[in-house]
Amino acid sequence: MISKNLIKLIKSLELKKYRKREKLFVAEGPKVVGDIMALTAPQRIIATSGWYQATHVAEDVVVTEEELRKVSFLQHPQEVMALFELPESEGVPSEQLRDNLTLALDDVQDPGNLGTIIRLADWFGIEHIVCNLGTADAYSPKVVQATMGSIARVKLHYTDLAEYLEGLQDAVPVYGTFLDGNNLYTEELSATGIIIMGNEGNGISDSVERHVTKRLLIPSYPAERPTAESLNVAIATAITCAEFRRRK
């Protein structure tokens, strides 16, 4: 049975200010919880007896499916939810970024898009994402769920993105996607560097754009055919990352 205090705590973690205060975030479902547990121990586990029996994890809070439904952030709860400590805020590791391919997000605000991008980064072996301060919080329940466990393996760094790029002093190539860029499939691409993806409605901001050294375009097909105004940012990220990795 779950206590009223624990219910209150879980519900509060939907909001960023309480996640920061409690230094906790919520993960749900066997896949997401299992992936995070493989790297860090949960503070609390709220699960059905069937989940505990199947996983052989020591029982913490045992609930019925109905009790789980009352505290879950999902439309269809999945046997288990757990509370994990928020990762400690660290400075962006510039030296490591210079030797790898890195994603940077300029105020990507949709939780589903952010979660999908984190999942894509995990798939393409990108270990760090630098987020401008207006980017959605990676540890909101919606984003965590959308990552399908990849939040456990990809490190997120929130900072003033323009200021961060200024500090790099052209040490690495900085790529950005634009509607007037050079064709992604014919442009020379490096194995290292930073790929910037812009806001869903406004693209890459002026303050960040001035640090872009290579402008890229994902071409539509055929070029002369009337088509959609732009691509969803998560889809554009997938196409761009796939082409960088294909070249490698």
S.K.: Walk me through whether N132 and D107 qualify under side chain to side chain donor-acceptor pair (under 3.5 Å).
M.R.: CA-CA 6 Å; N132 205 17; D107 294 354; 3.2 Å; yes

S.K.: Once rounded to the nearest 0.5 Å, what's the spacing between atom OG1 of T237 and atom CD1 of I117?
M.R.: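 Going from the OG1 atom of T237 to the CD1 atom of I117 covers 4.0 Å.
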
S.K.: So which of L9, V61, V26 actually passes side chain to side chain contact (heavy atoms under 4.5 Å, CB included) with R44?
M.R.: V61

S.K.: Is the shortest side-chain heavy-atom distance between C131 and H157 below 4.5 Å?
M.R.: no

S.K.: Can R153 and D122 be counted as an ion pair, charged N to O under 4.0 angstrom?
M.R.: yes

S.K.: State, yes or no, whether a side-chain contact exists between I118 and V143 at a heavy-atom distance under 4.5 Å.
M.R.: yes

S.K.: Would you indicate whether the side-chain heavy atoms of T40 and E85 approach each other to under 4.5 Å?
M.R.: no

S.K.: I need the M81 CE to I46 CD1 distance, nearest 0.5 Å.
M.R.: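 The CE atom of M81 sits 6.0 Å away from the CD1 atom of I46.
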
S.K.: Return the minimal non-hydrogen interatomic distance between A27 and V33, and the atom names on each side.
M.R.: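 Shortest heavy-atom separation between A27 and V33 comes out as O-CG2, 3.6 Å.
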
S.K.: Exactly one of K20, R19, K16 should register a side chain to side chain donor-acceptor pair (under 3.5 Å) with D137. Which one does?
M.R.: R19

S.K.: Output the distance between atom OG (S205) and atom CZ (R210), rounded to the nearest 0.5 Å.
M.R.: 8.5 Å

S.K.: Give the minimum heavy-atom separation between V57 and Y52, together with the two atoms involved.
M.R.: O-CD2, 3.4 Å

S.K.: Can you find a pair of side-chain heavy atoms, one from H128 and one from K155, that are under 4.5 Å apart?
M.R.: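 They are in side-chain contact.
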
S.K.: For I126 and R245: C-alpha separation, side-chain torsions, deciding distance, then whether side chain to side chain contact (heavy atoms under 4.5 Å, CB included) applies.
M.R.: CA-CA 10 Å; I126 296 173; R245 289 313 196 200; 3.8 Å; yes

S.K.: Is the count of non-hydrogen atoms from other residues, nucleotides or ligands lying under 6.0 Å from K142 atom NZ greater than 12?
M.R.: no

S.K.: Once you round to the nearest 0.5 Å, how far does OG1 of T147 lie from CD of Q145?
M.R.: 7.5 Å

S.K.: Run the side chain to side chain contact (heavy atoms under 4.5 Å, CB included) check on S12 and I10 step by step: do they pass?
M.R.: CA-CA 5 Å; S12 74; I10 292 169; over 6 Å; no

S.K.: How about Y185: does its OH atom have over 12 heavy atoms from other parts shown lying under 6.0 Å from it?
M.R.: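 Buried by this count: over 12 neighbours within 6.0 Å.
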
S.K.: Taking all heavy atoms of A121 and all of L103, pick out the closest pair and write down the distance.
M.R.: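 Residues A121 and L103, closest heavy atoms: CB-CD1, 4.1 Å.
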
S.K.: Would you please test V233 and T177 for side chain to side chain contact (heavy atoms under 4.5 Å, CB included) and show each step?
M.R.: CA-CA 10 Å; V233 65; T177 53; over 6 Å; no

S.K.: Mind listing the closest non-hydrogen atom pair of Q78 and P30 along with its distance?
M.R.: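 In this case the closest contact between Q78 and P30 is O-CD, 3.2 Å.
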
S.K.: Below 4.5 Å, heavy atoms only, C-beta onward: do L105 and V130 meet side chain to side chain?
M.R.: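 Side-chain contact under 4.5 Å: no.
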
S.K.: Please check if I239 and V108 belong to a single hydrophobic cluster, counting links between Ile, Leu, Val, Met, Phe, Trp and Tyr side chain heavy atoms closer than 4.5 Å.
M.R.: yes

S.K.: State which residues pass ring pair (Phe, Tyr, Trp, His ring centres under 6.0 Å) with Y139; sequence neighbours excluded, sorted by chain then number.
M.R.: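 Per chain and number, Y139 pairs via ring pair (Phe, Tyr, Trp, His ring centres under 6.0 Å) with F25.
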
S.K.: May I ask you to establish whether K11 and F73 are in a cation-pi arrangement, using a distance under 6.0 Å from NZ or CZ to the six-membered ring centre and at most 45° from the ring axis?
M.R.: yes

S.K.: Measure from the side-chain N and O atoms of S72 to the backbone N and O of L68, and report whether any donor-acceptor pair falls under 3.5 Å.
M.R.: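 No; judged by distance alone, with no hydrogens or angles, the pair does not exist.
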
S.K.: Taking all non-hydrogen atoms of both residues into account, name the closest pair between T48 and T64 and its distance.
M.R.: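 For T48 versus T64, the nearest heavy atoms are CG2-C, 4.4 Å.
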
S.K.: Applying salt bridge (charged side-chain N to carboxylate O under 4.0 Å, His left out), can you list everything that pairs with K31, at least two apart in sequence or on another chain?
M.R.: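 Checked K31 against salt bridge (charged side-chain N to carboxylate O under 4.0 Å, His left out); matches are D35.
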
S.K.: Quick check: is L161 connected to V212 through a chain of hydrophobic side chains (ILVMFWY, heavy atoms under 4.5 Å apart)?
M.R.: yes

S.K.: Do the charged groups of E67 and K70 touch, with an N to O distance under 4.0 Å?
M.R.: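 Salt bridge: no.
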
S.K.: With a cut-off of 6.0 Å (strictly less than), are more than 12 heavy atoms of other residues, nucleotides or ligands near CD of Q109?
M.R.: yes

S.K.: Quick check: do N182 and L217 have side-chain heavy atoms less than 4.5 Å from each other?
M.R.: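 In short, these two side chains do not touch, never coming nearer than 4.5 Å.
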
S.K.: Can you check side chain to side chain contact (heavy atoms under 4.5 Å, CB included) on F178 and L216, steps first, answer last?
M.R.: CA-CA 6 Å; F178 300 89; L216 301 176; over 6 Å; no

S.K.: Same cluster or not: I151 versus M197, using hydrophobic residues (I, L, V, M, F, W, Y) connected whenever any side-chain heavy atoms lie under 4.5 Å apart?
M.R.: yes

S.K.: Less than 4.0 angstrom from a charged side-chain N to a carboxylate O is my criterion; do R215 and E187 meet it?
M.R.: no

S.K.: Considering non-hydrogen atoms only, spot the tightest contact between A138 and V144 and give its length.
M.R.: O-CG2, 3.6 Å

S.K.: Do N100 and E127 have side-chain atoms, one donor and one acceptor, less than 3.5 Å apart?
M.R.: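 Judged by distance alone, the side chains do not pair up.
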
S.K.: Tell me whether the centres of the aromatic rings in F244 and Y175 are closer together than 6.0 Å.
M.R.: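 They qualify: ring centres under 6.0 Å apart.
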
S.K.: Is there a side-chain contact between L83 and L6, using heavy atoms and a 4.5 Å cut-off?
M.R.: yes

S.K.: So D106 and V208, do their side chains get closer than 4.5 Å, heavy atoms only?
M.R.: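 They are in side-chain contact.
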
S.K.: State the CG-OG distance between L179 and S230, to the nearest 0.5 angstrom.
M.R.: 6.5 Å

S.K.: Do L156 and L24 belong together in a cluster built from hydrophobic side chains that touch within less than 4.5 Å?
M.R.: no

S.K.: Quick check on the hydrophobic clustering: are I129 and L39 connected, directly or via other members, by side-chain heavy-atom contacts under 4.5 Å?
M.R.: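 Different clusters.
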
S.K.: Within this structure, what is the CE-NZ distance for the pair M1 and K4, rounded to the nearest 0.5 Å?
M.R.: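 Reported value, rounded in 0.5 Å steps: 8.5 Å.
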
